[in-house]
> 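Here's a structure for you.
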Amino acid sequence: MKFDPDAFAAGAEQSFAQMYPVLAALGQHRPRMLADYERVLADARRFRREHLEPSALRVELEVRRNPEYVAEDIICAASTAGFFGTMIPKTFGGAGLSFGAMIVGLEELGAGCLGLSNLLGVHGLAIATVSATGDIEGMEKVCRLLTEGERRGRPNLLSTAITEPTAGTDVEDVDLLRKARLVCEATPVRGGYKLNGRKVFISNGSIAHTHVVIMPTDKKNPVETTFAFLVESTAPGFRVGRVERKLGQKACPAAELVFEDCFVPETARLNSKALPGRAIELVLGATRGGVGAWGAAAARGAYERALLHARTHKVSGRWLIDEQWVQIKLANMWKNVALARALYVEAMLSNELFGLSQLVSGGAMGALQQRLPRAVLESQALRKLVVSRRTREALQGQIAAMEEWEVDTASAWGSASKVAGTDLGMENCHLALEICGTAGLRHDRGIEKIYRDAKLLQIYEGTNQLNRLEVFHRGVLRATARRSGGAA
Ligand SMILES: Cc1cc2nc3c(=O)[nH]c(=O)nc-3n(C[C@H](O)[C@H](O)[C@H](O)COP(=O)(O)OP(=O)(O)OC[C@H]3O[C@@H](n4cnc5c(N)ncnc54)[C@H](O)[C@@H]3O)c2cc1C
């Protein structure tokens, strides 16, 4: 049976305000924000129907045959639809929408296929990482790789390389970083740096044009010496190693990146203070809400398919949908989608109000994007004004001036949404398999694929265990400290 999202009313035709009613109220105060969400949702819904649903299973089988297969047709179609430029400021050729608007689109795309959605969305991690350094020249560079490529029909993709073979969780947390067993180091040499070591499991690593590589200049002191480097895939001494054969999200390649005396010029190092600390917190506080949205997508994909099955199959002569045990499970699944969505919207709003997003799409930058016509925003004169040392210093000043409670709030909600959304996604996969029985195990029904895809969400962007600890430190301890007047 072919999956047909039009065959039921599982939210497929609802506006975002209907899918998450609190936004309808919020939209009265910030109508532009809601209008942006609705616009991205409508575009993503069309793309899901026209491109993702028909290709998801085909791409999965292609990658099983050849792990290096890349769905170029989907990348080009997304490029034509303008997805890569969604959250990029108009000054750099993008649509100038917020990080939140992009996340709304990710839920819709993820409900169609989590692997393809990651293939099309993981550049958000790279943009967030570069933005958190405040290096406006670097921001322009990575943004234009996407938008100028997009105009030509194929963006130059970005990857973000943080994880090392012996340090995964440890490089996602500043306190753990102190004791991390790192293998990567960027040694200062004349005119630049020589990068050595290996990064592993890097999404889009094998197909990206530019890699945002996180490395210390002294691996014995990573907390004070870790920087972000922009490394092109043509850099001497750089090569792609193994492309992983993994459980799920097969459409998005995860690759090993190898650096062997890889020389990069001085300018490849983004101009910022050492990264750990605030920058990492800002990045993960922003992007973990996106993984929460993919958790909601997994919950929704499983729910939609189970509902379709229940409406079209009989057991002992009775439609499954008429059985009370099935109705209770479907009600639980609907509730899980709603809960996962509520949390990622909270995370998204926290990020827009207190986190990284307020720097990129809020404040003076945001006001410019909203008020000036596109012709002015794209003019050389404005570009010169924006891409300047003054802007960089202003942005870095803003980052330094952010209050700790703001960063903690965005981080706690980001992590809470990641944990809850991805766990609820898995729970819905279990429930869908219970409703569908053996039908749920068949590849052509799509449920077993969502199950495998969703499992990966609990691991990347910090495992759910690490994210629970983040909630403890940023949420529980902070709240306790505030009540007792102590310092957490
Ligand atoms: C599909 C996929 C795509 C990915 N894409 C990227 C990418 O684009 N860029 C990138 O840099 N990385 C990427 N990763 C890597 C990902 O971020 C790491 O897998 C993740 O951080 C966990 O690290 P690890 O696998 O080394 O596990 P480990 O750190 O070895 O952890 C193993 C287990 O121990 C637990 N654990 C470890 N330390 C602690 C602790 N201190 N307290 C409590 N529990 C702990 C973990 O929770 C986990 O259960 C990707 C991973 C996957 C699966």
Side-chain angles (χ1 to χ4, degrees), residues 60 63 67 110 113-130 132 142 157-184 197-208 210-216 222 226 228-229 231 240-259 275-276 279-280 283-284 287-288 290-291 294-295 298 414-415 418-419 422-423 425-426 449 452-473:
E60 161 107 357
V63 179
C113 175
L114 283 169
L116 288 169
S117 183
N118 196 11
L119 175 80
L120 303 179
V122 73
H123 63 271
L125 176 59
I127 293 181
T129 306
V130 177
V142 295
L157 298 177
L158 306 168
S159 86
T160 310
I162 306 171
T163 306
E164 304 194 2
T166 49
T169 301
D170 292 353
V171 283
E172 301 240 357
D173 180 275
V174 183
D175 293 329
L176 298 177
L177 185 62
R178 288 176 216 285
K179 299 172 280 179
R181 287 185 303 132
L182 301 176
V183 296
C184 288
R198 284 186 301 135
K199 296 284 183 180
V200 291
F201 257 97
I202 306 307
S203 297
N204 283 358
S206 53
I207 55 172
T210 298
H211 311 274
V212 180
V213 179
I214 309 301
M215 268 196 203
T226 294
F229 296 84
V231 182
V240 172
R242 191 179 56 199
V243 178
E244 303 292 345
R245 287 172 184 264
K246 53 186 166 49
L247 176 76
Q249 299 193 21
K250 291 177 187 288
C252 182
E256 178 186 35
L257 307 185
V258 184
F259 304 86
L275 266 190
I280 283 191
V283 173
L284 296 173
T287 56
R288 283 172 177 164
V291 183
W294 277 331
S415 288
K418 197 258 176 189
V419 172
T422 58
D423 286 357
M426 284 306 289
K449 176 179 173 308
R452 287 183 289 102
D453 287 351
K455 186 64 211 168
L456 275 60
L457 298 174
Q458 293 181 311
I459 296 172
Y460 62 60
E461 294 273 327
T463 60
N464 279 9
Q465 290 92 310
L466 177 74
N467 275 281
R468 284 190 168 86
L469 289 175
E470 279 293 310
V471 175
F472 180 75
H473 290 295

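We count residues from 1, following the sequence as given. Read the numbers this way: they start at 1 and go in the same order the structure lists the ligands and their atoms.
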> May I have the step-by-step check of salt bridge (charged side-chain N to carboxylate O under 4.0 Å, His left out) for K199 and E164, ending in yes or no?
CA-CA 5 Å; K199 296 284 183 180; E164 304 194 2; 3.0 Å; yes
> What are the two closest heavy atoms between V212 and A126, and how far apart are they?
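Looking at all heavy atoms of both residues, the shortest contact is CG2-CB, 3.8 Å.
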> Between G462 and L466, which heavy-atom pair has the shortest distance, and what is it?
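Taking G462 first and L466 second, the nearest heavy atoms are CA-CD2, 4.1 Å.
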> Within the side chain of Q249, is there an N or O that forms a donor-acceptor pair under 3.5 Å with the backbone of D453?
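The answer is yes, because a donor-acceptor pair under 3.5 Å joins these two groups.
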> Short question: side chain of E256, backbone of R242 - any donor-acceptor pair under 3.5 Å?
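Indeed, once roles are kept as given, a pair shorter than 3.5 Å links the two residues.
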> Among pairs that include at least one residue of residues 458-469, which meet salt bridge (charged side-chain N to carboxylate O under 4.0 Å, His left out), considering only residues two or more places apart or in two chains?
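Passing the test, one end in residues 458-469: D423-R468.
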> For ligand 1, give me the residues whose heavy-atom distance to it is below 4.0 Å, by chain and number please.
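Within 4.0 Å of ligand 1, protein side: T160, A161, I162, T163, G168, T169, E172, L176, F201, I202, S203, L456, I459, Y460, E461, T463, Q465, L469.
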